[in-house]
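Below, read A as the first sequence line, B as the second, and so on, with proteins coming before strands; counting in each chain starts at 1. All values below come from the heavy atoms of this structure, side chains included, with hydrogens, waters and symmetry mates left out.
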Amino acid sequence: MEYIYAAMLLHTTGKEINEENVKSVLEAAGAEVDDARVKALIAALEDVDIEEAMETTAVAAAPAAAAAP
Amino acid sequence: MEYIYAAMLLHTTGKEINEENVKSVLEAAGAEVDDARVKALIAALEDVDIEEAMETTAVAAAPAAAAAP
Amino acid sequence: MEYIYAAMLLHTTGKEINEENVKSVLEAAGAEVDDARVKALIAALEDVDIEEAMETTAVAAAPAAAAAP
Amino acid sequence: MEYIYAAMLLHTTGKEINEENVKSVLEAAGAEVDDARVKALIAALEDVDIEEAMETTAVAAAPAAAAAP
Amino acid sequence: MEYIYAAMLLHTTGKEINEENVKSVLEAAGAEVDDARVKALIAALEDVDIEEAMETTAVAAAPAAAAAP
Amino acid sequence: MEYIYAAMLLHTTGKEINEENVKSVLEAAGAEVDDARVKALIAALEDVDIEEAMETTAVAAAPAAAAAP
Amino acid sequence: MAHVAEWKKKEVQELHDLIKGYEVVGIANLADIPARQLQKMRQTLRDSALIRMSKKTLISLALEKAGRELENVDSLSDYMEGQPALIFTDMNPFKLFKILEDSKTPAPAKPGAIAPADIVVPKGDTGFAPGPILGELQQIGIPAKIEKGKIVVSNDHVVVKAGEEIPPKVAGILTRLDIQPLEVGIDLRAAYENQTVYTADVLTIDEEKTLSDIQKAFSQAFNLSVNAVIYTRETMPAIIQKAASRSFNLAYNASILTSETTDLLLAKAYAQMLALAAAAAEINDEAVDDELKE
């Protein structure tokens, strides 16, 4: 998930989510960086409205299932 | 929120969540760092179980399956 | 609600919720203090367990439930 | 939480939420004041509609409940 | 099952779901192709809103499951 | 999702989910293939039991039907 | 002033000294409080409040005399009713009022008395065998009927509204139904504390409201802390959870395979396949192989 957190970090501070930024954040956090996954992350996010995707509750995400007990 | 993502990033990579690390991650993202907020973040994180708080997402998914039969 | 906030503030700092403390907090916040309401608040709070009231508040309950696997 | 109640108190009495006021309210309530956290509070509240932030339920209400028949 | 996935794959890439395309995808995936089944599937899918059909799935199922007990 | 469908297709036909097979299926479906995403897919699926993941849905899907009034 | 009995002068003086000797002076109505209950109240309030019954005239004289020094205390005499008594205490007047209210006990209906709250005859079996009482119940509007040999009230019915007088017939029925709508005890009408007079309505505390206000304040603080991302130890888990679920949503909705989303994304694809297969099968049975139908 560290790739996602890096993307969220950049998004929240209004920075561009590109290979260079993602890599520098991950390195600063001490993660080994897999170039393929960085590229894949960026490609996957290309045509995604991040704000909307963050807001749309995924399947049984967050407290949804927690309501069960 | 970016301070939180920095903390979660460090948590995932296993690095200590201290002022220095949080700052370096934020600076790597090119964000200006408000020292006060970093200090406040660290103070508030003191006896908080980050694993558990982050866990709610994945855990939430599991009971859906477990609770079902 | 400022009278209630003053009481909650004192509760959080662990100070006794008495007329004097409530008054000094309200004055520090720039409110004109109605003695009757302070006295009424103190009397009403006598058999209210604030800690328990907070626990049973819906909002707080949710994350607790969410955190419980 | 005392910093939050101090802010809500000042908000209700219409006083400006600045370092000086927050500090005087906290001191009146007998809290030791952490300058960093006061600054962090002020910074965080800068472009926040306090009224709205207080009323918007923070924890996403369980969408499952909504989806349930 | 593989026939359905082939159709979903073509749907996502925006290619027409016709016998030729379905066959080529299945062959690329190393499956032996039963022409009759391909024809039947294509005919059936003609008056199915694939997007909608796919959506009435896990996304709706899981939270409902969560709410079930 | 096309990368995932390709993987599920190969899983169903029993073919190995490797770069070559994923690429050929995607190309047959007319998608431009992003090597990074193929690599990322393979890496992500490395220690994943697809059968088991599918069960998570099967179980989740079933009660949905049961729960429906 | 005509020759005033010595003991009266002494009584007024004593009351006057008491009025000046305590922070708070209350005026109460002790009419129809049973002696035993009054005695018990004196007991419970022994070291926190002093109850002194007296004649109306003597009380107002004492209040008037004290009024020369204690501004406005004399206005307490406007609240004298029934069998008046002065209550002396250093306790917060609201607290005094609450203690006195909490110690009131239910009492049977008295014709002409004012109902403190709506008097309700509850639904259910009255325990009476069929007889003339059925007519009496119906006469005052109570929906009563005979069921399995018993007189039963078919649903809750308000016989007297709050603040209204209890008619004699209704009072009789209520007593026979063993419903005690009145309250009896020390009825504090008003209390004086440094120049301010607090009347009974002001002194009434709504505990439920206070409790719900506390809970409202807490959730407001909780919301503000999470929404404005102000870190506090108590709300940190919620803030992290918000960040975690938003990250999870992004990964899931953008179909990015990560340690947490891979299983679910595979499951999603599988479920979509099942749904599509079902839709196709509905239209044309051969479209789907038997293995899938299972």
Side-chain angles (χ1 to χ4, degrees), chain C, chain G residues 23-24 89-102 188 190-227 232-245 248:
Chain C
M1 280 295 270
E2 63 275 25
Y3 291 79
I4 298 282
Y5 297 149
M8 295 297 275
L9 181 50
L10 288 166
H11 174 77
T12 319
T13 60
K15 285 285 169 294
E16 210 217 317
I17 305 178
N18 58 34
E19 280 179 49
E20 202 207 316
N21 289 345
V22 169
K23 256 194 218 149
S24 75
V25 165
L26 285 172
E27 270 147 14
E32 327 94 31
V33 183
D34 171 344
D35 278 351
R37 292 192 59 185
V38 176
K39 288 179 201 302
L41 174 73
I42 311 284
L45 286 179
E46 214 132 88
D47 37 24
V48 166
D49 176 340
I50 295 185
E51 211 45 46
E52 204 210 309
M54 295 203 298
E55 249 120 58
T56 49
T57 313
V59 170
Chain G
E23 286 278 316
V24 172
T89 176
D90 292 330
M91 210 196 300
N92 166 344
F94 292 82
K95 192 167 168 215
L96 174 68
F97 186 81
K98 194 153 79 77
I99 293 173
L100 296 178
E101 281 302 304
D102 292 351
L188 185 64
Y192 169 86
E193 190 185 25
N194 65 47
Q195 291 149 19
T196 331
V197 172
Y198 303 104
T199 53
D201 53 335
V202 169
L203 291 169
T204 327
I205 300 160
D206 181 345
E207 255 138 40
E208 275 92 35
K209 181 158 185 320
T210 309
L211 181 62
S212 69
D213 281 354
I214 293 273
Q215 294 190 311
K216 185 174 164 210
F218 177 72
S219 29
Q220 285 174 333
F222 192 91
N223 294 344
L224 179 58
S225 166
V226 175
N227 292 332
T232 71
R233 211 156 292 148
E234 296 84 349
T235 55
M236 210 47 179
I239 294 177
I240 292 178
Q241 187 202 316
K242 181 176 169 184
S245 35
F248 181 85

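- Contacts with chain G (heavy atom to heavy atom, under 4.5 Å) involve no residue of residues 23-34 of chain C.
- Once rounded to the nearest 0.5 Å, the distance linking CD1 of G:I214 with CG of C:L41 reads 7.0 Å.
- For the atom pair OG1 (C:T56) and CD (G:Q215), the distance works out to 4.5 Å, reported to the nearest 0.5 Å.
- Taking non-hydrogen atoms and a 4.5 Å limit, the residue list of residues 13-22 of chain C in contact with chain G, ordered by number, reads C:E19.
- Near-neighbour residues of residues 1-8 of chain C relative to chain G, defined by a heavy atom under 4.5 Å from a heavy atom of that chain, comprise C:M1, C:I4, C:Y5, C:M8.
- For the atom pair NZ of G:K95 and CD of C:E46, the computed distance is 4.5 Å after rounding to the nearest 0.5 Å.
- The shortest side-chain heavy-atom distance between C:D47 and G:E207 falls under the 4.5 Å cut-off.
- Taking CD from C:E52 and CG from G:L211, the interatomic distance works out to 8.5 Å, rounded to the nearest 0.5 Å.
- Residues of residues 190-201 of chain G having a heavy atom under 4.5 Å from any heavy atom of chain C, listed by number: G:E193, G:Y198.
- Across G:V202, G:L203, G:I205, G:N92, a single residue satisfies side-chain contact (heavy atoms from CB on, under 4.5 Å) together with C:K39, and that is G:N92.
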